[in-house]
Amino acid sequence: MSDPRVLQGVGVSPGLAIGPVRVIVADLPTVTRRVVAPGQVDGEIERLHASVAAVKELMQDLRERTLQRAGREEAKIFDAQIMMLEDRDFLGEVETLIRDNQLSAERAFEFKTLEMRALWSQSSSFMLRQRVADLAGIQVPVLSHLVGKSVTATLHDPGGRPAIVFTRELSPGLTVQLEREQVAGFGSVEGTRTAHAAILARSLGIPCVMGLVEGLDRLEDGMEVILDGMHGIVILEPTAEEVEEAREWEGFRRMLAGEMETAVGQPAESKDGVAVALRSNVDLPEELEVALEHGAEGVGLLRTEFLVLGRTDLPTELEQAEFFTKVAKAFSGHPVIIRSYDLGGDKFPAAFRTAPEANPFLGWRAIRVCLDHPEIFRPQIRALLRARPHGDVKLMLPMITAVDEIDCTREMVTAAARELQSEGVDAADDIPIGAMIETPAAAMMAEQIAQRSAFLSIGTNDLTQYTLAVDRGNARLAGRFTPHHPAVIQLLKRVVDAGRAADVETSVCGEMASDPRSASLLLGLGCRVVSVSPPSVPLVRWLVRQVDVSGAERAAAGALQAATTAEVDAVLEEEIAKYVDLNLLRAGRLPGVSSSASFKG
Ligand code: PEP
Ligand code: MG
């Protein structure tokens with residue numbers, strides 16, 4: 001039974017905070033139903049613009065503060081909000097509401113933003129849902145200004161100690177606005193690790209837990225809590241022992257951070273001299289800088305869904321080419337592996353809505369959608385061919401289940417190259433095509449797929465999901481979702497061997513590669529290229545430098561003999577304990593990294 005004193009959320013910014021709770025209810029201010037006389041309409045429009053201008057000034061100030069405290073990329077987060085406040089169409093619609101319905105400025109602004117909020121929060125687009133907190137970040141202060149309330153948040157510290165601030169939605173503004181000395185940590189009901197506020201909390205080094213769904217009503221101002229931004233938990237009214245234990249874990253986490261420092265700027269090379277190519281996955285453009293900062297040797301998986309999600313139109317060929325070229329240039333001298341749209345499942349853009357499916361993850365998705373709709377795929381292929389002359393750009397196909405999917409794509413690439421040539425465009429006449437191995441069918445056909453591919457990349461998130469018939473997003477099944485299941489390991493071995501036999505590079509780009517025990521297993525199985533999320537790059541680099549590959553090979557051989565996940569875990573842990581303190585690894589599980597089982601004790 002779960003402990004009622006423990007709130008479980010998602011750790012989005014590591015670190016431990018112990019202190020009193022401060023709940024900030026950033027609810028929308030109450031707006032009275034007020035209509036205005038026709039003669040007052042112009043005055044209301046003026047009031048609207050005055051409030052928008054005041055909040056814009058606040059946002060500009062926050063942007064400046066963020067620039068000083070966090071950095072340029074982080075400061076850009078406020079650009080989206082400033083742009084909204086400058087958006088003529090949006091403001092024009094609010095004005096129309098005032099004019100046509102004689103609404104007060106606050107009523108009209110509330111009406112319009114609530115409408116947008118409803119639309120965004122029900123959107124199938126993950127990106128748009130993520131931006132709801134950004135919208136709230138302007139909605140609350142503009143309305144507050146209009147009704148004469150303060151637009152800035154302040155803390156009245158309950159006990160003279162830095163507080164742990166809880167709120168329903170943590171906006172980027174609130175994250176930056178509060179004085180650093182007053183805030184020990186953040187917790188919120190909404191949000192995930194890619195929310196803008198989460199990115200800011202990480203940059204500012206403030207521990208943060210999001211997704212505390214059963215959260216706020218159990219918290220009271222002044223209540224003592226422990227917030228663990230690594231493991232995503234909040235412990236209410238902790239005992240003295242719990243505080244001590246939490247401090248101990250935090251000590252290990254800091255030791256690990258210190259250890260990781262020693263690997264900065266060093267090659268990802270094992271103790272016995274085996275080189276590993278360590279690349280980064282990139283889901284959003286803002287992650288590029290982090291990947292570069294951590295010295296990633298290229299991009300092992302560029303997810304392109306962000307290009308279409310949250311928009312009402314599809315991106316043009318030139319828009320895509322420009323972005324792909326930018327990434328290619330940024331990672332000059334290293335591979336940049338761009339995955340074609342992995343649409344479907346839960347990811348369908350507004351521009352391309354389809355009828356609901358009974359089993360979307362077994363449905364019309366990824367390469368199936370692209371091949372069925374050349375009008376979507378063709379511009380992406382042409383964009384890739386345009387970018388290819390600027391770097392080592394490659395095309396990777398998701399959810400392959402049959403070799404003809406690769407053959408059909410190749411035909412499309414050949415045709416697109418011919419078209420571009422006849423149009424006199426500066427573009428490559430071919431591009432290496434690789435296959436993701438993320439279905440059992442692909443793993444079983446790895447030899448044949450390898451013969452037709454320039455490279456293979458194992459998507460262990462989906463490979464685990466489809467092999468074990470365990471929904472990767474189902475929290476109830478989290479304990480059963482493990483790439484350390486012997487069936488998954490047998491398939492991994494099969495794929496790595498097939499890649500080697502065909503002499504094509506085989507990498508792993510699923511989350512598995514970020515888990516230290518799994519990473520050493522992958523090395524032991526013969527994998528020499530991994531791609532992990534940007535924050536995991538330093539951990540994996542450090543880990544690789546501790547590993548003795550001959551030992552990892554012995555452990556992998558043991559894991560391949562195992563009949564149960566527990567046996568696999570035991571073999572891997574025994575090996576890894578030879579060179580690293582397991583406490584460090586338990587403390588160091590990165591937020592957002594799904595591990596096979598809880599790493600903690
Ligand atoms: C995977 O399935 O392991 C993978 C890398 O792809 P995604 O997580 O985008 O489905
Ligand atoms: Mg996948």
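The figures here come from the full heavy-atom set of this structure, side chains too, leaving out hydrogens, waters and symmetry mates. Read the numbers this way: they start at 1 and go in the same order the structure lists the ligands and their atoms. Note that the structure is a prediction, hence the values are computed from the model and not measured.
- Ligand-side atoms of ligand 1 in range of Arg339: 6 (O), 7 (P), 9 (O), range being under 4.0 angstrom from any heavy atom.
- Close approach of ligand 1 to Cys509 is summarised as follows: ligand atoms under 4.0 Å from at least one heavy atom of the residue are 5 (C).
- For the pair Asn359 (side chain) and Leu362 (backbone), a donor-acceptor distance under 3.5 Å is absent.
- Around atom CD of Gln490, more than 12 heavy atoms belonging to other residues, nucleotides or ligands sit under 6.0 Å away.
- In terms of modelled atom types and a separation under 3.5 Å, the side chain of Thr175 and the main chain of Leu200 share no donor-acceptor contact.
- Of the listed options Asn461, Thr439, Asp342, Leu463, Asn461 places a heavy atom closest to atom 1 (C) of ligand 1.
- At least one heavy atom of Met436 sits closer than 4.0 Å to an atom of ligand 1.
- In summary, the atoms of ligand 1 found under 4.0 Å from a heavy atom of Glu438, numbered by their order in the structure, are 1 (C), 2 (O), 4 (C), 6 (O).
- At distances below 3.5 Å, at least one donor-acceptor pair connects side-chain atoms of Ser453 with backbone N or O atoms of Ile449.
- The shortest heavy-atom distance from Arg472 to ligand 1 is under 4.0 Å.
- Counting only residues at least two apart or on different chains, the salt bridge (Lys or Arg N to Asp or Glu O under 4.0 Å) pairs with a member in residues 518-535 are Arg528-Glu553.
- With sequence neighbours left out, the salt bridge (charged side-chain N to carboxylate O under 4.0 Å, His left out) criterion links Glu293 to no other residue.
- Under a 3.5 Å cut-off, the side chain of Glu305 and the backbone N or O of Asp342 do form a donor-acceptor pair.
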Query - Residue pair Met412, Leu371: steps toward the side-chain contact (heavy atoms from CB on, under 4.5 Å) verdict - result: CA-CA 9 Å; Met412 286 185 70; Leu371 289 175; 4.1 Å; yes

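- Within the 4.0 Å heavy-atom criterion, neither part of Met399 lies near ligand 1.
- A ring-centre distance under 6.0 Å is not found for Phe306 and Tyr341.
- The backbone N or O of Arg472 lies less than 3.5 Å from a partner atom in the side chain of Gln465, making a donor-acceptor pair.
- Not a single heavy atom of Gln465 sits closer than 4.0 Å to an atom of ligand 1.
- Not one N or O of Arg365 is nearer than 3.5 Å to an N or O of ligand 1, by distance alone.
- Of all protein atoms, those of element N, O or S that lie under 2.8 Å from the Mg ion (ligand 2) number 2.
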Could you list the donor-acceptor pairs under 3.5 angstrom formed between side-chain atoms of residues 391-401 and any protein atom two or more places apart in sequence or on another chain?
residue, atom, partner, partner atom, Å
Asp392, OD1, Arg388, NH1, 3.3
Thr401, OG1, Glu405, OE2, 3.4

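- Near Leu301, with a cut-off below 4.0 Å to any heavy atom, the atoms of ligand 1 are 5 (C).
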